[in-house]
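Worksheet for the structure shown next.
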Number of protein chains: 2
Amino acid sequence: MVKAGISLKGTQVETLKKTRVSTQPGARRRKTFDDKRQFILNTALSVFSQFGFHGTTMEQIASSADISKTNLFYYFKSKEALYLTILENILNDWLAPIAGFDEVDEPKTALENYIRLKLELSRDQPEASRLFCLEIIQGAPILKNYLKGELKNIIDEKSKVIERWISQEKIKPIDPVQLIFFIWSTTQHYADFNVQIKAITGKDLSNKKFFEETCSAIQRLIIDGLC
Amino acid sequence: MVKAGISLKGTQVETLKKTRVSTQPGARRRKTFDDKRQFILNTALSVFSQFGFHGTTMEQIASSADISKTNLFYYFKSKEALYLTILENILNDWLAPIAGFDEVDEPKTALENYIRLKLELSRDQPEASRLFCLEIIQGAPILKNYLKGELKNIIDEKSKVIERWISQEKIKPIDPVQLIFFIWSTTQHYADFNVQIKAITGKDLSNKKFFEETCSAIQRLIIDGLC
DNA sequence: GTCTATATATAGATAGAC
DNA sequence: GTCTATCTATATATAGAC
């Protein structure tokens with residue numbers, strides 16, 4: 001599992017200011033500070049996820065968050081620090097869905113649940129998905145160590161679950177890693193290529209009917225192909 | 001089908017210099033000009049596809065192509081013109097695989113062929129795939145009209161082929177557009193998320209064995225689920 | 001905590017010699 | 001067709017008043 005305070009390749013991103021508890025002196029001031037900081041993070045994620053790191057200016061983020069550029073630098077000491085904090089924050093959400101993969105015993109249920117969770121993530125956090133995608137496309141300059149370390153470990157672990165299903169003849173033989181890639185690609189596609197999907201179908205995952213149709217189409221393809 | 005000279009939303013990208021034929025006076029000079037231009041385009045694609053439009057500098061492209069920045073501006077009058085020319089060029093390759101979709105009569109063969117062609121594209125033109133992905137993620141500022149027009153038309157056309165298969169009970173019922181999205185997402189994933197795949201498996205599509213395993217895994221999942 | 005300058009660097013693009 | 005020098009705009013970041 002990923003620790004709460006995952007740190008990206010030794011980069012110092014100050015997290016000190018988050019830890020203070022609300023019963024201590026200065027709590028109220030701290031709270032507004034943190035609230036505003038969090039608001040900026042959300043706004044910045046939205047901008048970064050569309051234009052990328054270099055395509056985004058601090059002025060753009062500031063004006064989206066309705067503050068001055070100078071003021072933005074008061075909350076985050078540099079553009080890079082802001083970007084790193086965002087990446088750090090979304091990484092945990094990113095990994096959450098796969099966690100519950102081994103507790104469930106029946107492959108059909110486990111796969112159905114996982115597919116649905118991933119698709120919900122594409123629906124509810126499309127910007128995080130796109131930022132992650134941008135980072136990977138650019139060669140994962142920041143997340144490379146994470147991919148080779150933490151992520152690889154989780155995949156190795158979950159692969160064993162799938163292999164157990166195969167040896168118990170609960171599902172047909174398939175490379176477990178390929179199966180995971182298959183689920184990732186089909187579900188994330190609806191966030192990352194949202195514009196293309198909307199251009200062709202006129203809908204996206206925010207449409208409830210479209211979400212359910214997509215979910216069961218992916219579930220059916222994978223499960224009918226495997227069980 | 002896409003015409004050879006597709007033009008992106010009215011933007012003037014000079015194509016005049018390409019047309020001259022080699023039997024005319026000045027042919028040799030023209031040829032070296034075009035060769036060098038083409039070399040720059042290939043180099044620039046490589047850089048743009050990694051760092052995006054804003055993340056790439058003309059200096060970077062120039063030095064990758066072993067020419068001076070000033071010289072680069074002699075071949076392309078602006079960064080934008082260079083970028084547009086590249087997008088224009090890759091779009092045709094991008095659409096080619098789906099063209100042969102209706103001639104073949106059996107769904108199993110047609111789907112197998114299409115999946116293989118798309119995966120070959122991810123193997124042979126990963127940079128084009130990533131540039132396309134970057135463009136879409138950023139809201140397709142340049143390709144939006146193309147997506148809603150040309151691409152949508154092709155998808156509508158191919159959807160009818162799939163629907164005919166369904167009504168003839170050659171495959172199980174499925175939303176044709178969703179089926180196409182599944183093929184796109186699974187195959188393009190191996191280009192766009194190449195770094196992640198390499199981090200986890202240690203391999204990529206340039207590995208012949210890995211390519212074949214991936215190809216048949218995707219083919220099997222989709223076809224076993226449908227036929 | 002927010003503002004008005006301002007420092008500093010770098011990127012796109014052009015002029016003009018050769 | 002390639003080079004040196006340079007213009008111009010914009011982006012990150014800081015200093016210091018309030």
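Predicted model only: the values in this text are computed from it and were never measured. These numbers come from the heavy atoms of this one structure, side chains and all, not from hydrogens, waters or symmetry mates. In what follows, chains are A, B, ... by sequence order, proteins preceding strands, each numbered from 1.
For B:T201, the side-chain contact (heavy atoms from CB on, under 4.5 Å) criterion is met by A:V177, A:F181, B:I197, B:K203, B:F210, not counting sequence neighbours. Remark: A:Y83 engages A:F48, A:F53 in a ring pair (Phe, Tyr, Trp, His ring centres under 6.0 Å) (not counting sequence neighbours). Scored by the side chain to side chain donor-acceptor pair (under 3.5 Å) test, B:D66 finds no partners at all (sequence neighbours excluded).
Contact annotation: the side chain of A:I61 never approaches that of A:K69 to less than 4.5 Å [non-hydrogen atoms, C-beta and beyond]. Annotation: side chain of B:Q50 is not in contact with side chain of B:R130 (no heavy-atom distance under 4.5 Å). At least one side-chain heavy atom of B:Q196 sits less than 4.5 Å from a side-chain heavy atom of A:F132.
Using a 4.0 Å heavy-atom distance criterion, B:K36 is classed as a sugar-phosphate-only contact. Looking at heavy-atom distances under 4.0 Å, B:S68 makes contact with sugar-phosphate atoms alone, never a base. No contact: A:T32 has no heavy atom under 4.0 Å from any strand.
Scanning DNA chain C 5' to 3' for nucleotides with an atom closer than 4.0 angstrom to a non-hydrogen atom of chain A gives a first and last hit of C:dG1 to C:dT4.
Taking the C1' atoms of five terminal pairs at each end of the helix from C:dG1-D:dC18 to C:dC18-D:dG1, the two resulting helix axes are inclined by 0°, rounded to 10°.
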* Asked: Can you check ring pair (Phe, Tyr, Trp, His ring centres under 6.0 Å) on B:Y75 and B:F33, steps first, answer last?
  -> CA-CA 9 Å; B:Y75 285 93; B:F33 179 92; 5.3 Å; yes
Using distance only, find each side-chain donor-acceptor pair of residues 121-128 of chain B under 3.5 Å and give its atom names and separation, not counting sequence neighbours.
from   : atom 1 : to     : atom 2 : distance (Å)
B:S122 : OG     : B:T187 : O      : 2.8
B:E127 : OE2    : B:S46  : OG     : 3.0

